[in-house]
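It should be emphasised that the depicted structure is a prediction, and the values quoted were computed from it without experimental measurement.
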Amino acid sequence: MKITRFQKFLMMNPFIQAFKFVYLSVKIMFVVASGHGSTREK
């Protein structure tokens with residue numbers, strides 16, 4: 001299947017990349033916060 005211009009745009013879109021990054025960071029933060037508590041300082 002050939003990648004369309006729109007799909008390429010979605011993959012290269014910095015906004016979507018940033019959103020994914022923030023989403024993952026928040027998820028990891030919640031896991032660390034609930035799992036480790038205050039054992040790890042920032």
Out of curiosity, does F30 fall in the hydrophobic cluster containing V22 (side-chain heavy atoms, cut-off under 4.5 Å, transitive links)? yes

Honestly curious: do I16 and F6 fall in one hydrophobic cluster under the side-chain, below-4.5 Å linking rule? yes

Below 4.5 Å, heavy atoms only, C-beta onward: do F21 and Q17 meet side chain to side chain? no

If you take all heavy atoms of Q7 and K2, which pair is closest and at what distance? OE1-O, 4.0 Å

When rounded to the nearest 0.5 Å, the distance separating CE of M29 from CG of L24 is 12.5 Å

